[in-house]
Participant: 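Below is the structure I would like to discuss, written out as structure tokens.
Order of the sequence lines fixes the chain letters, A, B, ..., with proteins taken first and strands second; residue numbering starts at 1 for each chain. Any value given below was found using the heavy atoms of this structure, including those in side chains, with hydrogens, waters and symmetry copies removed.
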Amino acid sequence: MGYGMVIDQQLCVGCAACTIACKIENNTPAGINWCDKITRTSGKFPAVRYEYISTMCNHCDNAPCVKACPTQAMYKDRQTGLTLHDPKKCIGCKACIVNCPYGVISVNWERPHRDWAQRDRLAEGCFSPREMVVESGGEGTPHGNPERGTTYPVVRPAGTVEKCTFCDHRLAEGLAPACVDACPSGARQFGDIDDPNSEVSKLVAKHGGKGLREELGTRPRVIYIRDYKPQRRFEPARPAGENQGA
Amino acid sequence: MNSKVSVKDFLTPTWILIAAGLVAGGAMGLYEMFFGHLFATNSALVWTLPLITYIFLALMSTGVSLVLAYGLIMKDESITRHTRALLIMAIGMLLGGFTALATELGSLLNMVWILLSPNPSSPIWWMGTLYSIELVLLFIKLVMDLKGRHGVFDLPLAWGTLIIAGAAAITIGAVFGTVIGRPDYHGAFLSVVTLVSALVSGAAAIVLLRPQSALTETAGRIFRQTALVFAALLLIRVVYEAHSTVVGMLGWASIWMLIPFILALALLQFAPRILALIGILGVLWVQYSFIITGQLVSLGQTAHWYGAVQTYQPNIPEALILVLGIAVAAALIKLGEQFLMGDQRQAAT
């Protein structure tokens with residue numbers, strides 16, 4: 001089996017709920033978005049076209065980051081097909097970042113969430129950031145999601161890289177990635193893309209679609225189907241939550 | 001070993017400069033490694049002057065090693081009489097490069113996984129492995145030279161150094177050349193550039209630092225010959241980039257880059273040390289240019305944060321890492337000369 005994601009560009013409204021959900025679920029620090037976007041504007045008024053392409057790690061079958069990593073800190077999980085990262089082995093050489101054609105890997109130049117370690121109180125009687133973290137029982141931040149820590153550190157070490165894991169901690173519990181659940185328009189579908197009978201495979205079979213920069217031979221597992229066409233807007237949409245999940 | 005060294009030997013302007021470099025650069029390096037982030041990097045532009053410093057010094061060390069190996073294999077006495085000095089130079093430069101690299105790596109303590117979890121498909125793994133082997137070979141040769149043990153192992157060690165050092169220089173180019181998503185890097189060309197630049201800078205360093213007649217003449221000849229090849233490579237690249245239609249390629253080569261090497265070809269006999277220094281700076285310019293240019297196009301989602309194409313200027317902490325790398329190399333070379341050369345200094349001229 002091998003997980004993959006299909007993003008329907010006809011349904012995506014560019015709300016960035018996926019980006020925010022990912023940040024909350026995975027406790028990413030300021031300046032790092034595992035799920036982000038590429039935006040493209042083309043044409044001349046009135047025939048202007050704007051594209052919002054939600055991006056994240058493509059978990060490529062032929063991952064350049066895995067090939068480049070000298071310590072196998074970046075590796076392919078044989079069971080799930082995911083490209084995962086082990087911060088214990090990461091030397092912070094950043095070869096993965098240079099080799100990734102998609103710009104989806106980020107580096108923690110400093111200790112993440114440093115601001116939450118400050119001990120200064122704004123005023124007497126207030127909590128300092130550090131006290132808020134301690135009182136809330138959070139790790140790194142008051143809102144740190146402890147579930148993230150089951151497969152990947154909640155707060156990653158300084159000097160190491162990090163990237164999307166397709167919420168492998170949620171997949172292990174039979175849940176969909178946070179970005180898939182957060183999408184209000186059902187644009188994101190997730191499943192076993194190696195299974196021709198899965199929903200994601202059927203969508204690809206029906207609509208075609210392609211991954212980003214496929215000509216490089218990376219074999220990405222995030223497939224984009226359809227372009228936005230206004231005349232399709234009256235077609236019945238898939239409700240959010242239907243046919244989603246691992 | 002020379003035991004006649006005194007404290008006064010360290011109160012020279014050269015040593016004061018070295019000490020200043022070690023302190024200033026060392027402070028920046030330690031802060032970057034343990035306390036915070038000072039470099040002008042971001043998640044789209046990750047390899048900047050500190051890494052360039054490592055590549056510059058490592059390749060220069062490789063060039064010195066290659067010249068020495070050539071001398072030992074061809075039994076060229078103008079080179080072999082200076083074996084110890086050249087070994088000290090090569091070791092000092094390589095360790096200076098490693099010092100700069102240490103400030104750039106994010107998690108130095110995890111380096112043990114290079115041994116415990118190797119990835120043979122990674123050019124960086126091969127680069128680390130080959131340079132480690134080369135360092136060990138250099139130390140073995142130095143110890144054997146210090147103990148006066150010369151004989152049946154000299155030639156195999158020389159050949160080993162030639163092959164390992166050459167492979168290491170090519171592998172540095174492959175670190176960039178195997179990157180498929182960046183057109184300014186991709187291809188075998190950079191492996192040729194790094195190998196030739198190693199020879200150019202290594203030979204030039206010998207001319208600059210070992211101004212004795214016979215060795216300077218041989219190293220000068222090698223410098224001129226490799227500078228000609230390097231200038232030709234740059235010209236090929238300039239012409240290629242001028243006609244390239246590859247999308248996303250900015251082009252890193254400039255016709256002005258040929259000037260240091262043309263000057264060296266034409267005028268080396270008149271001012272060898274100055275032109276050797278100009279040649280070394282020219283190599284640094286080329287290495288800086290291709291390493292930075294290949295990262296300026298923001299890929300994918302990083303364009304949203306940093307713009308489609310970035311610009312880069314090194315900041316003061318990064319410049320001080322360059323100073324640190326050079327200071328460490330200079331300190332080790334001078335220490336080696338002062339403690340390990342002794343009577344050889346007279347005999348070498």
Side-chain angles (χ1 to χ4, degrees), chain A residues 19 31-40 53-58 62 64-75 86-111 114 157-163 212-213 215-218, chain B residues 32-39 41-48 51 101-102 104-129 174-176 178-182 185-186 247-248 291 294-295 297-306:
Chain A
T19 301
I32 292 180
N33 288 350
W34 291 4
C35 179
D36 213 318
K37 61 188 176 288
I38 294 169
T39 57
R40 290 186 192 137
I53 302 167
S54 176
T55 56
M56 71 231 81
C57 176
N58 289 274
N62 190 19
C65 61
V66 171
K67 278 191 194 167
C69 180
T71 60
Q72 300 188 60
M74 281 292 183
Y75 64 98
D86 183 354
K88 289 194 297 295
K89 291 185 181 177
C90 181
I91 64 173
C93 68
K94 302 173 274 290
C96 51
I97 293 177
V98 172
N99 277 271
C100 175
Y102 306 109
V104 295
I105 306 174
S106 304
V107 57
N108 287 297
W109 299 105
E110 301 178 298
R111 188 168 47 129
R114 259 175 90 134
T160 62
V161 303
E162 58 178 70
K163 67 166 192 69
L212 295 174
R213 301 188 83 180
E215 69 280 6
L216 295 178
T218 55
Chain B
E32 179 73 20
M33 287 165 75
F34 299 110
F35 299 103
H37 180 57
L38 295 169
F39 296 162
T41 51
N42 54 54
S43 284
L45 181 58
V46 295
W47 286 345
T48 55
L51 185 93
L101 183 63
E104 196 273 336
L105 288 175
S107 192
L108 208 53
L109 293 174
N110 287 350
M111 287 286 278
V112 68
W113 291 104
I114 293 232
L115 291 170
L116 300 179
S117 181
N119 183 9
S121 74
S122 164
I124 287 187
W125 185 83
W126 280 104
M127 180 186 72
T129 302
V175 166
F176 303 96
T178 53
V179 176
I180 56 173
R182 298 180 189 271
Y185 281 167
H186 189 58
V247 173
I291 291 170
Q295 300 172 81
V297 175
S298 301
L299 297 180
Q301 61 194 43
T302 58
H304 171 68
W305 291 82
Y306 308 112

Participant: Identify which one of A/Asn33, A/Asp36, A/Thr55 satisfies the side-chain hydrogen bond (donor to acceptor under 3.5 Å, both in side chains) criterion when paired with B/Gln301.
Facilitator: A/Thr55

Participant: What part of A/Arg111 gets within 4.5 angstrom of chain B, counting heavy atoms only: side chain, backbone, both, or neither?
Facilitator: neither

Participant: Considering only heavy atoms, which portion of A/Pro157 lies under 4.5 Å from any heavy atom of chain B: side chain, backbone, both, or neither?
Facilitator: neither

Participant: Atom CG of B/Leu299 and atom CG of A/Asn99: how far apart are they, to the nearest 0.5 Å?
Facilitator: 10.5 Å

Participant: Apply ring pair (Phe, Tyr, Trp, His ring centres under 6.0 Å) to B/Phe176 and list each qualifying residue two or more places apart in sequence or on a separate chain.
Facilitator: B/Trp47, B/Tyr185, B/Phe290

Participant: More than 12 foreign heavy atoms under 6.0 Å from CG of B/Leu116: is that the case here?
Facilitator: yes

Participant: Chain A heavy atoms under 4.5 Å from B/Trp126: which part of the residue, side chain, backbone, both or neither?
Facilitator: neither

Participant: Can you tell me how far apart CG (B/Leu45) and NZ (A/Lys94) are? Round to the nearest 0.5 Å.
Facilitator: 11.5 Å

Participant: Taking side chain as everything from C-beta outward and backbone as N, CA, C, O, which of these in A/Ala158 sits under 4.5 Å from a heavy atom of chain B? Side chain, backbone, both or neither.
Facilitator: backbone

Participant: Which atoms of A/Ile105 come close to chain B, meaning under 4.5 Å heavy atom to heavy atom: side chain ones, backbone ones, both, or neither?
Facilitator: backbone

Participant: Could you check which of B/Leu101, B/Thr178, B/Asn110 has the highest count of heavy-atom pairs closer than 4.5 Å to chain A?
Facilitator: B/Asn110

Participant: Out of B/Leu51, B/Val46, B/Leu115, B/Val112, return the one with the most heavy atom pairs under 4.5 angstrom to chain A.
Facilitator: B/Val46

Participant: I'd like to verify something: which residue of B/Met111, B/Met33, B/His37 has the highest number of heavy-atom pairs under 4.5 Å with chain A?
Facilitator: B/His37

Participant: Side chain, backbone, both or neither: which part of A/Val161 has a heavy atom under 4.5 Å from chain B?
Facilitator: neither

Participant: For B/Thr129, which atoms come within 4.5 Å of any heavy atom of chain A: side chain, backbone, both, or neither?
Facilitator: neither

Participant: List the atom of A/Leu216, the atom of B/Gly181, and the distance in Å for their closest heavy-atom pair.
Facilitator: CD1-CA, 4.1 Å

Participant: Report the option among B/Arg182, B/Glu32, B/Met127 that has the most heavy-atom pairs separated by less than 4.5 Å from atoms of chain A.
Facilitator: B/Arg182

Participant: To the closest 0.5 Å, what do you measure between CD1 (A/Ile91) and CD1 (B/Ile124)?
Facilitator: 7.0 Å

